[in-house]
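Here's the structure, in structure tokens; my notes come after.
Read the numbers this way: they start at 1 and go in the same order the structure lists the ligands and their atoms. Numbers here are sequence positions counted from 1.
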Amino acid sequence: MPFTTFGLTDPLVRGILATGYTAPTDIQSQAIPAALAGSDIIGCAQTGTGKTAAFVLPILDRLSHEPNAGRKRVVRSLILTPTRELAVQIEKSILGYGRFTELKALAVYGGVSIPGQIKGLTGGVDIVVATPGRLIDHLQRKTIDLSKVEVLVLDEADRMLDMGFVKDVRRIVSGLPKKRQTLLFSATMSPEVNRLAADMLKTPKVIQIGRPRNPIETITQHFYTVEKSLKMDLLVHMIEDWRMFSVLVFSRTKHGADKISRRLKTAGVIAVSIHSGRTQNQRQRALDGFRSGKFQVLVATDIAARGINVEGISHVINYDVPTHAEDYVHRIGRTGRATATGDAITFVSKDEEKYLREIGKYIERRLSAQPCKGFSYVKSTPDEPKPAKSTGPAQGERSGKGMRPAKSSRPHHGKRPVEGTRGDQSNRPPRSKTASGAKKPYRGQRRRSAS
Ligand code: AMP
């Protein structure tokens, strides 16, 4: 079914084609007609299924039919989303699909100074994409007027609740007009999400894409047994030996993310970390650099990763097994976006086997970890030197000064002893292909073309 069958306005169809989409995804095929007909919607769709366009296109269509003509622009659609990165991503999508319309969108989120956002809001916008905390801030300052909102979107509702935004969301929604259309999207439908939906939506149409909870089908999952002390060696081995070129590594903690990133740099891998302890500018720079290929590896915590939407992530590596099974689904959903394929690799140490069992129950699959063939299981990367008490590692990392071990301590990875033969790849994840089926370039090729 082509996009033209939805009856969207011409400028919108042109915008979609210019974005490079040829056919709608499942969630788009089902949600767009229902939303255009004015229904409230509960969209239960895994991450990476194309749900952003599923709500953005009907909003753009509705607002372009009845433009704010002649009078000052007022906010007519509000999209609430859990993270800053996701807000920026949705704003970009709106600008992309709506490039041939006159509509204006603005993302408002925390971690950046507020006056710029106030200026943007004062100038008049049609669509606001917001994280709950910063939006409450604007409401308290009376720098935003939501009294004319016609369409509300609650995006990644499960994560908004996980992140403790339930009170903020309820407070914001209680101030919106009762007569409105509400679209709620969530990867999982917990009792809490159902309660929120029951309170905020009217006779919604429920759209379920894929089996609930199971990770999207395009991702190949691999689990490797490895003791904690060898995880860094295994990571470096995989990235270098298996020639991974666009890798998202997950760490459970901010400190862990910084440490992994530092040690990768020591091993000569171009890496950067992203987590809530970094400023918005640092996070955006890390994301932009990863997107452009400047950084080969992005090391992220769960919350920071929620908004990451990067085309062509070849591998997601869980450096530690997530303790919440839902996080596993969100993590691996960062690869295999829309129609591309991807590999998700999880390192499992003895004490993490219990979490693996939980994930197995959650996604209804029997999961077991195997030793990684071709990896020596002999420690070869040095531990980080313990930082002097007076200078904390996070500070050093942030300022970019003084925390890198001296060059001479770098291990020689090319000469690391490796068990088995290079050709023994029976339990290796294959190199990913692009959506068109072409082999992706190796790291060196990619870096050259990106520079
Ligand atoms: P989302 O689930 O909205 O984050 O989208 C996941 C990825 O799929 C993004 O990179 C989108 O640009 C891409 N995408 C969304 N809709 C389509 C489509 N109809 N055709 C091709 N790619 C799409």
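The shortest N or O to N or O distance between Y97 and ligand 1 is not under 3.5 Å. Residue contacts with ligand 1: Q28 is placed with a nitrogen or oxygen under 3.5 Å of a nitrogen or oxygen of the ligand (distance criterion only). For ligand 1, the polar-atom distance check finds no N/O of A53 at less than 3.5 Å from any of the ligand's N/O atoms.
Within 6.0 Å of atom NZ in K228, more than 12 heavy atoms from other residues, nucleotides or ligands are found, so the atom counts as buried in its surroundings.
Remark: aromatic rings of Y362 and Y328 are distant, center separation not under 6.0 Å.
Atom numbering of ligand 1 starts at 1 in the shown order; those under 4.0 Å from a heavy atom of T49 are 2 (O). Taking a cut-off of under 4.0 Å to the non-hydrogen atoms of T52, the atoms of ligand 1 that pass are 1 (P), 3 (O), 4 (O). The contact set between ligand 1 and G50, taken as ligand atoms under 4.0 Å from a residue heavy atom, comprises 1 (P), 2 (O), 3 (O), 5 (O), 15 (C).
Using a cut-off of 4.0 Å between Lys/Arg side-chain N and Asp/Glu carboxylate O, R141 and D137 are scored as salt-bridged.
The closest approach between any non-hydrogen atom of A23 and ligand 1 is below 4.0 Å.
Looking at F55 against ligand 1, nothing comes within 4.0 Å, counting heavy atoms.
Between the Q296 side chain and the M244 main chain, a donor and an acceptor come within less than 3.5 Å of each other.
Y21 and Y97 form a side-chain donor-acceptor contact under 3.5 Å, judged by distance and modelled atom types alone.
With a 4.5 Å cut-off on side-chain heavy atoms, V272 and R285 do not count as touching.
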